[in-house]
Visitor: 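Pasting a structure below so you can have a look.
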Amino acid sequence: MQHINFSKNKTKTILSKNIFFNYLVFFILIYISLSSFIYAKVNIVVSYGYIESIVKEIGKDKVDVFSISSSRYQDPHYVVPKPSYVVKLSKADLLIINGASLEIGFIPVLIKQANNPKINPGNIGYLELSNYFDLIDKPKLLSRDLGDIHPEGNPHFYLDPYNIIPIANIIYLKLSEIDKTNQSFYEKNFENFKQNFSTKLSEWDKKMENFKGVKVFQYHSLYDYFLRRYGIELVANLEPKPGIPPTPKYIENLLEIAKNEKVFFILQDYYHKDNYSKYISSKTNLKILYLPHDDQNIYKLFDEIVNAFYNSKN
Ligand SMILES: [Zn+2]
């Protein structure tokens with residue numbers, strides 16, 4: 001009898017150990033799935049460094065951001081699509097692009113290959129910033145004929161620093177829509193960003209106030225919004241049309257204009273060759289200002305542009 005009792009107790013112990021183990025596994029699995037749900041970051045792909053910077057300001061540790069292009073040496077109109085970008089897009093919850101055809105050479109093909117319905121145009125995970133802005137220089141005919149790479153108007157609207165807080169606002173609202181549980185977190189970050197960026201706007205306004213009426217050339221129509229903001233007069237682009245390099249005859253004409261109009265500066269980006277700017281400068285003594293068009297730090301982007309002007313006086 002004693003032996004039987006012993007056996008029964010042993011069986012009972014093994015059974016309860018099994019039940020305990022099963023419960024443990026069950027709770028661990030629940031914990032893992034809940035925590036991955038609660039702590040999962042929003043996967044975001046953006047086209048340019050400036051968007052990445054703003055997304056990080058608003059999303060902080062709740063988002064993972066990958067920028068397709070972020071270098072000042074990369075032509076924003078012509079980015080080569082890579083398989084690694086397709087992989088990133090296939091896992092994305094959100095795609096944010098500049099829009100107005102700036103990415104037409106690479107984003108549509110990447111979206112197609114990624115085969116991720118979430119980020120298709122018109123769906124919740126697709127955000128095109130240009131839809132919220134009035135673009136300047138809209139051509140009368142919508143066409144990319146004759147090489148015009150701005151068929152919907154000038155897409156470089158984000159280079160007006162006063163458009164950055166509105167962009168941050170749009171991104172804050174989109175993040176709150178996609179990730180509702182963290183809405184108050186995004187809102188708080190947006191309010192902080194708004195305050196910090198406004199302080200910088202005042203600093204930049206002050207540094208730029210002596211440039212009203214100053215006449216400039218620029219290589220490509222990158223800085224039109226910036227120049228308009230600070231009352232700087234754009235006399236001509238070195239490109240006769242966006243995306244079309246100048247002919248020798250066109251350059252000779254610019255030399256005449258430079259003398260007659262008293263042009264001060266040539267604004268030169270980092271991704272076009274500066275040989276035309278240098279030639280004009282050598283013939284006219286115009287100063288070349290090298291300016292970035294993109295950066296993974298939105299403050300640094302405008303600090304560099306503004307300081308290039310500000311330091312040119314010294
Ligand atoms: Zn352009």
Side-chain angles (χ1 to χ4, degrees), residues 46-54 67-81 96-110 127-164 167 216-230 232-247 250-251 254 265-277 288-296 298 301-302 304-305 308:
V46 303
S47 46
Y48 303 114
Y50 87 88
I51 306 176
E52 176 189 347
S53 176
I54 302 169
S67 177
I68 288 173
S69 164
S70 55
S71 162
R72 64 185 57 192
Y73 302 101
Q74 169 67 56
D75 184 334
H77 313 80
Y78 300 106
V79 178
V80 178
I96 308 176
I97 67 166
N98 180 92
S101 290
L102 187 54
E103 298 101 333
I104 202 158
F106 58 104
I107 287 292
V109 67
L110 287 170
L127 179 59
E128 191 170 339
L129 299 170
S130 62
N131 289 342
Y132 300 84
F133 294 89
D134 285 328
L135 303 182
I136 56 178
D137 298 331
K138 285 187 179 173
K140 286 181 185 103
L141 286 169
L142 287 181
S143 165
R144 286 171 76 87
D145 289 352
L146 304 171
D148 192 340
I149 52 172
H150 295 163
E152 294 170 46
N154 188 319
H156 307 290
F157 58 89
Y158 67 92
L159 285 167
D160 175 354
Y162 276 80
N163 282 341
I164 298 302
I167 291 172
V216 300
F217 286 156
Q218 67 178 344
Y219 185 88
H220 176 70
S221 49
L222 282 163
Y223 304 101
D224 297 49
Y225 293 86
F226 180 88
L227 301 176
R228 188 180 63 163
R229 171 63 55 195
Y230 293 111
I232 298 167
E233 194 183 320
L234 175 66
V235 177
N237 292 339
L238 270 57
E239 289 179 328
K241 246 176 186 275
I244 304 290
T247 59
Y250 186 82
I251 292 290
L254 289 182
F265 300 118
I266 307 169
L267 313 182
Q268 173 71 47
D269 58 77
Y270 285 96
Y271 66 89
H272 285 108
K273 282 183 186 161
D274 61 359
N275 51 333
Y276 297 109
S277 294
I288 305 173
L289 295 187
Y290 290 90
L291 307 177
H293 73 282
D294 193 21
D295 199 283
Q296 284 166 295
I298 196 71
L301 176 64
F302 291 105
E304 272 197 49
I305 296 173

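Each ligand, and each atom within it, is numbered from 1 in the order the structure gives. Because the structure is predicted, anything quoted here is derived from the model rather than measured. Any value given below was found using the heavy atoms of this structure, including those in side chains, with hydrogens, waters and symmetry copies removed.
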Visitor: Please indicate how many protein N/O/S atoms are found closer than 2.8 Å to the Zn ion (ligand 1), with waters neither displayed nor included.
Guide: 4
Visitor: Answer yes if the ring centres of His220 and His150 are under 6.0 angstrom apart, and no otherwise.
Guide: yes
Visitor: Once you round to the nearest 0.5 Å, how far does NE2 of His156 lie from OG of Ser130?
Guide: 12.0 Å
Visitor: Restricting to non-hydrogen atoms, name the atom on Ile167 and the atom on Phe133 that form the minimum distance, rounded to 0.1 Å.
Guide: CG1-CZ, 3.6 Å
Visitor: Considering all heavy atoms of both residues, which atom of Tyr158 and which atom of His293 are nearest to each other, and what is their separation?
Guide: OH-O, 2.7 Å
Visitor: Are Gln74 and Ser69 close enough that a side-chain donor and a side-chain acceptor fall under 3.5 Å?
Guide: no
Visitor: For the residue pair Tyr73 and Tyr270, categorise the inter-ring angle as parallel (less than 30°), tilted (30 to 60°) or perpendicular (more than 60°).
Guide: perpendicular
